[in-house]
Amino acid sequence: MSTTVDTTAATAAGKERTPVRPARVLLHLFLAGAALAWLAPLLWALYAAMRPYGETSEKGYVSWPDKLSFENFTNAFTQSEMTHYFVNTLIIAVPAVLLTLFLSSMVAFYVSRFDFRINLFLLLVFTAGNLLPQQVIITPLYRLYLLIDIPGITMSGKLYDSALGLVLIHVAFQSGFCAFVLSNYMRSLPHELTEAALVDGASVWRLYWQIVLPLCKPAMAALATLLSIWIYNDFFWALVLISTGENMPITSALNNLSGQYFTDPNLVAAGALLTAIPTLIVYFALQRQFVSGLTLGANKG
């Protein structure tokens, strides 16, 4: 009994005396510095947003504050009419994310679970769309949107200047990446599952909807998080394909905080922080699924 106790004590003492390796210390210092570098602009924007413009114009931004308040956040929310633009963004982002995941998952299912001659070529066609810069196709796409008439569906009567136009362009540009990710994930699923279902008489749709798709929830959650952030933060397509200010998404609401002759940088910083809140909510709500979806297959070999 005493021998066992002595051995345990010696083992514990050996663990306590384990020297800290310099490489590990440098790694932690690097990670802490990188995290601070990423947080510094956000913290500086928060610091500026909580100070009145008169104080910063007199003392400068690198100074000790006399007053900190959330008045700029209240003013930014009301002056920019953010509630209206948040609704516009939801009308664009939610259908775009759902349609992208639905269509890309069907493409991924087909190219990953069935073997045919143009299997790889079909996947490359969808993925190649992500290789085109947006600026290259904007001119013909803009002319095309002006020519397409959809009376009774949009307020403008055309695909241009409508939420539907933004939804379609986001689905077109994001489906390739999602199809590529989901096809790789579906290839890792056991083929015995689908083969057994086919033997039992399951249709292709049931095979996709009830067997394969439920197993892809981690990958779908990770893609949903990325798509929500990308589409929410989009400014380019909304700027080119929307002409009416009331139809703009939230990224354009900050323009309402800029005057013709004067702009309050503190007010704009508060508005920018307010617009970032929904993306943080989406990430923290799907954080566990997002991380597990990104690390799937990391230990397979």
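As the structure is a prediction and not an experimental result, all values here were calculated from the model. Reckoned from all heavy atoms, side chains included, excluding hydrogens, waters and symmetry mates.
Between Met106 and Leu103, the closest side-chain pair of non-hydrogen atoms falls below 4.5 Å. You'll find the side chain of Ile137 reaches within 4.5 Å of the side chain of Phe173, heavy atoms only. A heavy-atom distance below 4.5 Å is not found between the side chains of Val181 and Cys178. The closest side-chain heavy-atom distance from Phe236 to Ile138 is below 4.5 Å. Contact of the Phe284 side chain with the Thr279 side chain is not registered, since no non-hydrogen atoms from C-beta on lie closer than 4.5 Å. Counting heavy atoms from C-beta outward, Thr251 and Tyr85 have side chains that stay 4.5 Å or more apart. At a threshold of 4.5 Å between non-hydrogen side-chain atoms, the residues Met50 and Ser69 do not count as touching.
Checking side-chain atoms of Tyr47 against main-chain N and O of Leu42 turns up no donor-acceptor pair under 3.5 Å. Between the side chain of Asp200 and the backbone N or O of Ala202 there is no donor-acceptor pair closer than 3.5 Å. Put simply, the side chain of Ser162 gets close to the backbone of Gly165: a donor and an acceptor are under 3.5 Å apart. Listed for the Asn184 side chain is a donor-acceptor partner under 3.5 Å among the backbone atoms of Phe180. In terms of modelled atom types and a separation under 3.5 Å, the side chain of Ser112 and the main chain of Arg187 share no donor-acceptor contact. Of the possible polar contacts, none joining the Lys158 side chain to the Asp149 backbone as a donor-acceptor pair under 3.5 Å is found. For the pair Arg113 (side chain) and Ala108 (backbone), a donor-acceptor distance under 3.5 Å is absent.
If you chain together hydrophobic residues whose side chains sit under 4.5 Å apart, Ile211 and Leu182 fall into the same group. Criterion: ILVMFWY side-chain heavy atoms under 4.5 Å apart, direct or through other members. Under it, Leu166 and Leu98 are not part of a common hydrophobic cluster. Residue Met82 is not grouped with residue Phe235 when hydrophobic side chains (ILVMFWY) are merged at heavy-atom distances under 4.5 angstrom, including chains of intermediate members. Residues Phe109 and Phe121 are members of one and the same hydrophobic cluster, defined by side-chain heavy-atom contacts under 4.5 angstrom among Ile, Leu, Val, Met, Phe, Trp and Tyr. Both Leu280 and Leu227 belong to a single network of hydrophobic side chains, linked directly or stepwise wherever heavy atoms of I, L, V, M, F, W or Y lie under 4.5 Å apart.
Rounding to the nearest 0.5 Å gives a distance of 9.0 Å between CG of Asp234 and CG of Leu241. Rounding to the nearest 0.5 angstrom, the gap separating the CD atom in Gln210 from the CH2 atom in Trp205 is 10.0 Å. Note that CD1 of Ile169 and CD1 of Ile231 are 11.5 Å apart. Values are rounded to the nearest 0.5 Å. Of the inter-residue distances, the one linking Phe70 atom CZ with Asn75 atom CG reads 13.5 Å to the nearest 0.5 angstrom. A distance of 13.5 Å separates CZ in Phe77 from CG in Leu267, rounded to the nearest 0.5 Å. With rounding to the nearest 0.5 angstrom, the CG atom of Leu226 is 10.0 Å from the OH atom of Tyr283.
Closest non-hydrogen pair, Ala45 versus Ala269, comes out as O-CB, 3.9 Å. In this structure, Val111 and Ser183 approach most closely via the heavy-atom pair CG2-CB, 4.0 Å. Nearest heavy-atom pair across Ser104 and Ser175 is CB-O, 3.6 Å. When all heavy atoms of Ala76 and Leu274 are compared, the closest pair comes out as CB-CD1, 4.3 Å. The shortest non-hydrogen separation linking Ala96 to Val171 is O-CG2, 3.8 Å. Of all the heavy atoms in Ala224 and Leu101, the pair that sits closest is CB-CD1, 3.9 Å.
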Query raised in the report: Hey, mind stepping through Leu159 and Leu168 against side-chain contact (heavy atoms from CB on, under 4.5 Å) and telling me if it holds?
Result: CA-CA 10 Å; Leu159 194 58; Leu168 293 179; 4.0 Å; yes
Requested in this report: Any chance you could lay out the side-chain hydrogen bond (donor to acceptor under 3.5 Å, both in side chains) test for Thr275 and Tyr232, step after step, and finish with the verdict?
Outcome: CA-CA 9 Å; Thr275 59; Tyr232 179 88; 5.1 Å; no
**Report entry** Step-by-step side-chain hydrogen bond (donor to acceptor under 3.5 Å, both in side chains) determination, Tyr53 to Asn72
**Finding:** CA-CA 9 Å; Tyr53 176 75; Asn72 282 329; over 6 Å; no
Report task. Give the C-alpha distance, both sets of side-chain angles, the deciding distance and a yes or no for side-chain contact (heavy atoms from CB on, under 4.5 Å) between Leu193 and Leu215. Result -> CA-CA 11 Å; Leu193 292 174; Leu215 297 176; 3.6 Å; yes
Query raised in the report: Val25 and Leu29: side-chain contact (heavy atoms from CB on, under 4.5 Å), yes or no, with the steps?
Result: CA-CA 6 Å; Val25 174; Leu29 289 176; 4.1 Å; yes
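For an aromatic pair to be called close, the ring centres must be under 6.0 Å apart, and Tyr110 with Tyr208 fails this. No close placement of the Tyr61 and Trp44 rings is indicated, their centers lying 6.0 Å or farther apart. With ring centers used as reference points, Trp230 lies under 6.0 Å from Phe177.
Residue Gln135 qualifies as enclosed at atom CD: its count of foreign heavy atoms under 6.0 Å is above 12. By the neighbour-count criterion of 12 heavy atoms within 6.0 Å, atom NZ of Lys59 is densely surrounded, having more than that number from other residues, nucleotides or ligands. The environment of Phe114 atom CZ is dense: over 12 non-hydrogen atoms of other residues, nucleotides or ligands sit within 6.0 angstrom.
Using a cut-off of 4.0 Å between Lys/Arg side-chain N and Asp/Glu carboxylate O, Arg51 and Glu55 are scored as salt-bridged.
Between the side chains of Tyr145 and Asp161, not a single donor N or O lies within less than 3.5 Å of an accepting N or O.
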